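Heads up, the thing below is written out as structure tokens.
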Amino acid sequence: MLVLHAQGLQKSYRYQGKPIAAVKQVSLAIAAGEVLAFLGPNGAGKTTTIKMIAGLVLPDVGTVEILGRDPYRHTAALRSIGAVLEGNRNLYWRLSAEENLDYFGVLRGLSPRVAHQRGLALLERFDLMSKRRTVVQALSRGMQQKLALAVALIHDPPLLLLDEPTLGLDVEATQHVKALIREIAQEGRAILLTTHQLDIAEELSDRVAIINQGEIIVEESTEELIRQFSGTTYSVALEVPLDGDRHSKIERLGGTIEGNTVYLYDPSMLYDLLDILKPLPLLRIEKDDANLTEIFLKLTGGRGKGEEEREKREEGRVKDQQRLE
Amino acid sequence: MMFHLFVAEFKRSWIQLLRYPTEVISAIVVTTIVFYGLFLSARYVAGPGVQFGDRMESIIIGYALWSLAMFIMADITGGLQREAQTGTLEQIFISPFGAPKVFLVRALAGLTIQVALNLVILVILMVLTGTRLAFPPMLLLPFVSILMGVYGLAFILGSIALRVKQVQQLLGICQFVFLFLLTVPVESWAGSFKFFAMLLPMVPGAGLLRDLMARDQTLNVGLWAIALVNGFVYLALGLLLFRYAERETKRQGKLAGY
Ligand SMILES: Nc1ncnc2c1ncn2[C@@H]1O[C@H](COP(=O)(O)OP(=O)(O)OP(=O)(O)O)[C@@H](O)[C@H]1O
Ligand SMILES: [Mg+2]
């Protein structure tokens, strides 16, 4: 069942009189129980897309449907959304954890009694029970973020939008939030997650969509994407140097040798290679496996807008150097 | 549902207020000191023997109304600006109630606070100046018409706050305009001046309130109808403008104060 179906979203802003095409062409679909990692360099248009889905930014073109309903026409469709938005805590700083949950529960259309019960259950589950009476201001960054997540879940929404939920958290808090997100996904919610921490995306997501300069350049299941980009090369490291006889036999298999390491490009020859090497002591055998970070860099050309600027600066420096010579 | 929202807003605003009481206390103190200063200097200029008569009472009513109006304006616009920064504003806009409804309920819930604070101020002023005011239940009728005008203007300023996020200067200008609108006794004017005065926000209601509280007169039903229509028009204008501002702000993606 599709929870989110966004089609042909486009948005351009005006900034200091000039138009900026923030989102050029984005379509996304997420089914119940699925986590979509929405990745892209700074300024690619992730936050703009998320806000269009949440009804906070009006798209120039395109439609959003949440469980078949357009949130712009039916505000009731907003009941299906929970969101933790970028950069801030989305909480009332002068209210305690419990009071925030009570308030937001009613704001999302629950009765006060149900809101309170669900609030307590979430505090329990997010390990915040001991802090329920503490004002948000006095909570640590990690606790605030967990509370923001709890608040987004108070009305049990089928769609959860998370814009950089682990931004600014330390290692332990990140692990904790990550575990919570995984748990929440298993409850059958559809989750749209943006993050710059690609290892998190790799661990949590079922699918990946990569956006660059306002356009989606890849959308693929995470496993498939990693498989596609993973090479078929094996590398075998030895503890001792190779003798000339083995050298030529390996070259006949199509392998190459660098120092004490043999590279084999045809995986079906792996056991032939091992026969040749027997009984030399091995250090390790490795298959060249891609990770999301490498894939991301390959696809986006490693460049966001920030990167481009850095490159321009670098070019300038090279020119300076040439002039000096 | 709406009732639950009202209770939730009521709790939220009172808790936030009582948890950090120094802000309220200083607001009350400053407001009364400013008035007392004006009062003392007026008496100094006019000489000790002078009798203010019903003028004094009228002025106190006007001043208390003015501080109520300013508290409400500052509450609504300041709230919008603050919440744009902390990100709670966007959460309100994701509410299935719809933002205009939430803000209207919120304004009503906050009214209890504003009225309580300004009653305290009014009582202090009465004690300081030795003035007696009448509080007939009838005063609620013109009071409602004034409040509609105040909220109408608050939503107009709120719409601007939503768009530009900076309304401090505008709020400062409002102070003077409001002081004029709420304290000048236009009810004693005559002819076409009076007619135009009736079109100004809050003015007809404020005049009626002075009649009731300072001059012990009964309510003029005809004037009250005018005051009510006046308040209604400004409130409707404010809410319409707010809807428009909401849409424009969403178009520009500036809800979070980009
Ligand atoms: N309200 C706005 N007015 C003008 N320009 C905007 C506005 N919001 C975003 N932009 C611009 O639109 C582009 C996309 O921004 P967006 O915030 O969607 O990127 P992002 O992918 O979320 O980036 P990041 O990873 O840095 O959060 C950027 O060039 C940004 O400067
Ligand atoms: Mg962003």
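Values reported hereafter were calculated over all heavy atoms of this structure, with side chains retained and with hydrogens, waters and symmetry mates removed. Keep in mind that what you see is a predicted model, and the values were worked out from it rather than measured. Residue numbers start from 1 in every chain, and the chains themselves are labelled A, B, ... in the order their sequence lines are given, proteins ahead of strands.
With a 4.5 angstrom heavy-atom cutoff, B:I92 touches chain A via backbone and side-chain atoms both. For B:R12, the parts lying under 4.5 angstrom from a heavy atom of chain A are both the backbone and the side chain. Interface remark: B:E83 contributes side-chain atoms only to the contact with chain A (heavy atom separation under 4.5 Å). In this structure, chain B has no heavy atom under 4.5 Å from any part of A:V151. If you measure heavy-atom distances from A:S111 to chain B, the contacts under 4.5 Å come from both the backbone and the side chain.
Crowding of B:F176 atom CZ: a count of heavy atoms from other residues, nucleotides or ligands under 6.0 Å not exceeding 12. Within 6.0 Å of the CZ atom in B:R19, the count of heavy atoms belonging to other residues, nucleotides or ligands exceeds 12. Atom NZ of A:K24 has more than 12 neighbouring heavy atoms from other residues, nucleotides or ligands inside a 6.0 Å radius. Under a cut-off of 6.0 angstrom, the local environment of CZ in B:R163 is crowded, with over 12 non-hydrogen atoms contributed by other residues, nucleotides or ligands. With a 6.0 Å radius and a threshold of 12 heavy atoms from other residues, nucleotides or ligands, B:F3 has its CZ atom at or below the threshold. When the shell of 6.0 Å around CE of B:M138 is examined, it contains 12 or fewer heavy atoms from other residues, nucleotides or ligands.
No other option in B:Y20, B:F97, B:F93 has as many heavy-atom pairs under 4.5 Å with chain A as B:Y20. When each of B:L5, B:V105, B:I94 is scored by its heavy-atom pairs under 4.5 Å with chain A, the top score falls to B:I94. Counting heavy-atom pairs under 4.5 Å between each of A:T75, A:L58, A:T48, A:N100 and chain B puts A:L58 at the top. Per-residue counts of heavy-atom pairs under 4.5 Å with chain A were compared for B:E9, B:R247, B:K250, B:R82; the largest is that of B:K250. Put simply, of A:V106, A:L107, A:V57, the one with the most heavy-atom pairs under 4.5 Å next to chain B is A:L107. With respect to chain B, the highest number of heavy-atom pairs below 4.5 Å among A:A76, A:P112, A:P71, A:A152 belongs to A:P112.
A donor-acceptor pair under 3.5 Å is absent between the side-chain atoms of B:T88 and the main chain of A:Y92, judged by distance alone. A donor-acceptor pair under 3.5 Å is formed between the side chain of B:Q91 and the backbone N or O of A:A83.
Within the model, atoms CD of B:Q16 and OH of A:Y103 stand 9.0 Å from one another, a figure rounded to the nearest 0.5 Å. Between atom CD of residue B:Q85 and atom CH2 of residue A:W93 there is a gap of 11.5 Å, rounded to the nearest 0.5 Å.
The heavy-atom pair separating B:P96 from A:R79 by the smallest distance is CG-CG, 3.4 Å. Residues A:L95 and B:I15 approach most closely at CD2-CG2, 3.7 Å, considering heavy atoms.
A:R94 pairs by the salt bridge (Lys or Arg N to Asp or Glu O under 4.0 Å) definition with B:E23, not counting sequence neighbours. Not counting sequence neighbours, the partners of A:K11 by the salt bridge (Lys or Arg N to Asp or Glu O under 4.0 Å) test are A:D60.
One finds no salt bridge joining A:E99 and B:K11 here, because no Lys/Arg side-chain nitrogen approaches an Asp/Glu carboxylate oxygen to under 4.0 Å.
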